[in-house]
Visitor: 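First, the structure itself, so that you have it in front of you.
Naming: A, B, ... by sequence-line order, numbering from 1 per chain. Reckoned from all heavy atoms, side chains included, excluding hydrogens, waters and symmetry mates.
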2 protein chains.
Amino acid sequence: MSRTTSELEGAVLGVIWQEGPCTAYTVRKRFVASPSPQWSGSAGAIYPLVRRLEKKRLLASRILTSTKRGGRLYTLSSAGQKVLDEWIKPPLSPMVTGVPADPLRTRIGFLGALIPARRRTFIEAALRGNDVEIQTTLVEIKDSREKNDHWHLLAAQGALACLRARRTWLRAAARSLHRKRRAAAAG
Amino acid sequence: MSRTTSELEGAVLGVIWQEGPCTAYTVRKRFVASPSPQWSGSAGAIYPLVRRLEKKRLLASRILTSTKRGGRLYTLSSAGQKVLDEWIKPPLSPMVTGVPADPLRTRIGFLGALIPARRRTFIEAALRGNDVEIQTTLVEIKDSREKNDHWHLLAAQGALACLRARRTWLRAAARSLHRKRRAAAAG
DNA sequence: TCCATCATGTAAACAGTTACATGATTGC
DNA sequence: GCAATCATGTAACTGTTTACATGATGGA
């Protein structure tokens with residue numbers, strides 16, 4: 001009967017669970033601040049979504065009186081809590097456990113379309129970009145440790161593990177390119 | 001002047017570059033067969049997209065005469081080659097180098113919403129699902145090695161690296177849960 | 001011959017982005 | 001008091017999925 005919960009819906013319920021009573025803008029800021037560029041956290045996505053969730057009785061809201069601007073303070077209802085629970089817990093679909101999409105990896109799959117000289121340039125740029133992300137993530141880890149935010153820390157550590165693995169892989173790719181070039185020169 | 005190339009557009013151009021002259025259905029199959037559940041490769045996405053790309057002169061097509069069913073054989077035009085090139089090569093936006101989205105990681109960030117007993121269950125299910133993906137990827141690696149598909153091999157190795165890192169991370173998460181539980185019991 | 005599935009598509013529903021609008025609040 | 005930006009929203013556009021339709025092809 002209940003339609004399946006989308007990633008964004010689940011994440012919004014999760015944020016409201018974490019933040020306690022909060023406005024749509026608070027939720028929005030969380031997505032905008034998120035290091036992963038998964039969602040933009042655009043107003044056009046969040047405001048209509050929380051309205052939908054409220055209509056489904058997964059969120060309760062009361063009007064903000066402390067400010068003249070209006071707006072609503074949202075809380076997770078018990079039905080919302082349950083939906084959040086169902087969204088997180090097993091069984092985990094392949095969509096959840098499957099190989100996460102990585103635009104960098106996608107491009108590597110078509111790297112042969114570049115002229116050889118550009119391939120090396122690509123890998124170098126990728127390594128630089130990846131290192132920037134690693135630095136950002138280290139800061140994020142430090143922050144969540146200081147705030148004692150156990151789950152966020154765990155998630156950030158997962159992101160770091162992924163980035164470090166990507167780094168090792170990219171370096172191996174660079175070496176493999178090098179071998180290929182030498183083989184081509186020799187053959 | 002030219003609008004930015006989306007991930008799906010880039011990937012479709014890449015597939016047609018790889019496969020040589022091929023039909024929309026061939027492209028579609030590639031996405032459906034892809035281990036990453038990023039795109040469904042649905043007909044409603046691919047057929048209109050190749051049409052759009054053709055209208056933009058990035059693809060050329062000729063009608064299939066060998067079959068009665070009709071359909072078209074698409075080829076990358078030189079303009080298409082150029083767009084593919086631009087799409088792959090640096091500068092790489094944060095959207096490309098950023099932390100790849102991982103639904104598993106997202107859920108871990110909200111794991112505190114589950115009752116403690118369920119948290120362990122989640123991690124175990126995640127590990128099982130992850131191991132299945134590792135097996136699938138190993139097969140993929142074997143295949144591309146046999147087919148001497150260098151770039152696809154490289155991409156699959158990247159996927160494997162990511163999955164292995166995820167495995168290590170999940171095991172660490174399980175240990176961390178365990179510590180937490182013991183601390184709670186003791187405190 | 002008949003049934004499954006291949007291959008090509010289309011249409012409606014839906015979700016998310018961009019861009020805009022508007023009033024409140026804050027800092028100078 | 002004025003400018004910047006905060007906060008709340010809306011509307012149009014775009015792209016993707018789901019579901020359907022339809023004829024071709026291949027194997028029993």
Side-chain angles (χ1 to χ4, degrees), chain A residues 2-13 16 19 21-34 36-56 59 61-74 87 93-95 101 103, chain B residues 2-13 15 19 21-34 36-56 59 61-74 93-95 101 103 106:
Chain A
S2 69
R3 309 184 35 66
T4 59
T5 309
S6 78
E7 286 298 294
L8 185 54
E9 281 169 355
V12 164
L13 291 175
I16 293 174
E19 301 278 342
C22 64
T23 66
Y25 186 72
T26 309
V27 176
R28 202 160 113 57
K29 269 192 302 183
R30 278 280 300 259
F31 286 104
V32 171
S34 163
S36 151
Q38 181 164 197
W39 300 292
S40 73
S42 57
I46 303 300
Y47 286 99
L49 175 54
V50 293
R51 281 294 174 87
R52 278 205 303 280
L53 292 174
E54 187 182 17
K55 201 178 302 181
K56 286 197 224 166
L59 297 178
S61 81
R62 55 194 174 78
I63 288 155
L64 255 179
T65 49
S66 64
T67 173
K68 209 151 217 163
R69 193 143 46 192
R72 284 160 176 284
L73 218 50
Y74 292 92
W87 176 69
S93 74
M95 214 234 75
Chain B
S2 68
R3 309 181 36 64
T4 58
T5 309
S6 77
E7 287 298 293
L8 185 54
E9 280 170 354
V12 164
L13 291 175
V15 167
E19 301 279 341
C22 65
T23 64
Y25 186 70
T26 308
V27 176
R28 203 160 112 56
K29 269 192 301 182
R30 279 281 298 260
F31 286 105
V32 171
S34 163
S36 151
Q38 181 165 196
W39 299 293
S40 74
S42 57
I46 303 300
Y47 286 99
L49 175 55
V50 292
R51 281 294 175 88
R52 279 205 303 280
L53 292 174
E54 187 181 16
K55 202 179 300 182
K56 286 197 225 166
L59 297 178
S61 81
R62 56 192 175 79
I63 288 156
L64 254 179
T65 48
S66 64
T67 173
K68 209 152 218 165
R69 193 143 47 192
R72 284 162 175 282
L73 219 50
Y74 291 93
S93 73
M95 213 235 75
T106 306

Visitor: Work out which heavy atom in B/Val32 is nearest to a heavy atom in B/Ser40; give both atom names and the distance.
Guide: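 Nearest heavy atoms, B/Val32 then B/Ser40: CG2-O, 3.5 Å.
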Visitor: Between atom CZ in B/Arg51 and atom P in D/dG15, what is the gap in whole Å?
Guide: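 Rounded to whole Å, this separation is 17 Å.
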Visitor: Would you say the side-chain atoms of B/Arg28 pair up with the backbone N or O of B/Gly41, donor to acceptor, closer than 3.5 Å?
Guide: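 Here the side-chain-to-backbone pair exists.
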Visitor: Over all heavy atoms of both residues, which pair between A/Thr4 and A/Glu9 is shortest? Give the atoms and the distance, please.
Guide: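 Residues A/Thr4 and A/Glu9, closest heavy atoms: O-OE1, 4.0 Å.
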Visitor: Reading DNA chain C from 5' onward, which residue's closest nucleotide shows up sooner: B/Gly44 or A/Gly41?
Guide: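 Its nearest nucleotide lies further toward 5', so the answer is B/Gly44.
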Visitor: I want to confirm an ordering. Mapping B/Glu9 and A/Lys29 to their closest nucleotides on DNA chain D, which one lands closer to the 5' end?
Guide: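 Nearest nucleotide further toward 5': that of A/Lys29.
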Visitor: Categorize B/Leu8 for me: base, sugar-phosphate, or nothing, with a 4.0 angstrom heavy-atom threshold over every strand shown.
Guide: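 The residue B/Leu8 makes sugar-phosphate contact but no base contact.
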Visitor: Determine the minimum heavy-atom distance between B/Thr106 and A/Ala11, stating which atoms define it.
Guide: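 Looking at all heavy atoms of both residues, the shortest contact is CG2-CB, 4.5 Å.
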Visitor: Once you apply a heavy-atom cut-off of 4.0 Å, does B/Thr23 come out as touching a base, just sugar-phosphate, or nothing?
Guide: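 Answer is sugar-phosphate: B/Thr23 comes under 4.0 Å of backbone atoms only.
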Visitor: At 4.0 Å (heavy atoms only), tell me whether A/Thr67 reaches a base, stays on the sugar-phosphate, or touches nothing.
Guide: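 Here A/Thr67 touches the backbone only, sparing every base.
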Visitor: What is the separation between atom CD1 on B/Ile63 and atom P on D/dA24, rounded to the nearest whole Å?
Guide: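 Nearest whole value for this atom pair: 16 Å.
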Visitor: Under a criterion of less than 4.0 angstrom to any heavy atom of chain B, what are the 5'-terminal and 3'-terminal contacting nucleotides of DNA chain C?
Guide: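 Reading along DNA chain C, I get C/dC6 to C/dA11.
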Visitor: Just checking B/Ser42: base, sugar-phosphate only, or nothing, at a heavy-atom cut-off of under 4.0 Å?
Guide: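 It contacts base atoms.
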Visitor: D/dG15 P sits how many Å from B/Lys55 NZ, rounded?
Guide: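 Answer to the nearest Å: 12 Å.
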Visitor: Given atom OH of B/Tyr47 and atom P of D/dT16, what is their separation to the nearest angstrom?
Guide: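 After rounding, the reported distance stands at 16 Å.
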Visitor: Determine the minimum heavy-atom distance between B/Pro48 and B/Ala43, stating which atoms define it.
Guide: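 Smallest heavy-atom distance, with atoms named: CD-O, 3.5 Å.
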Visitor: Under the salt bridge (charged side-chain N to carboxylate O under 4.0 Å, His left out) rule, collect the residues that match up with B/Glu54, sequence neighbours excluded.
Guide: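 Salt bridge (charged side-chain N to carboxylate O under 4.0 Å, His left out) check on B/Glu54 returns nothing, list empty.
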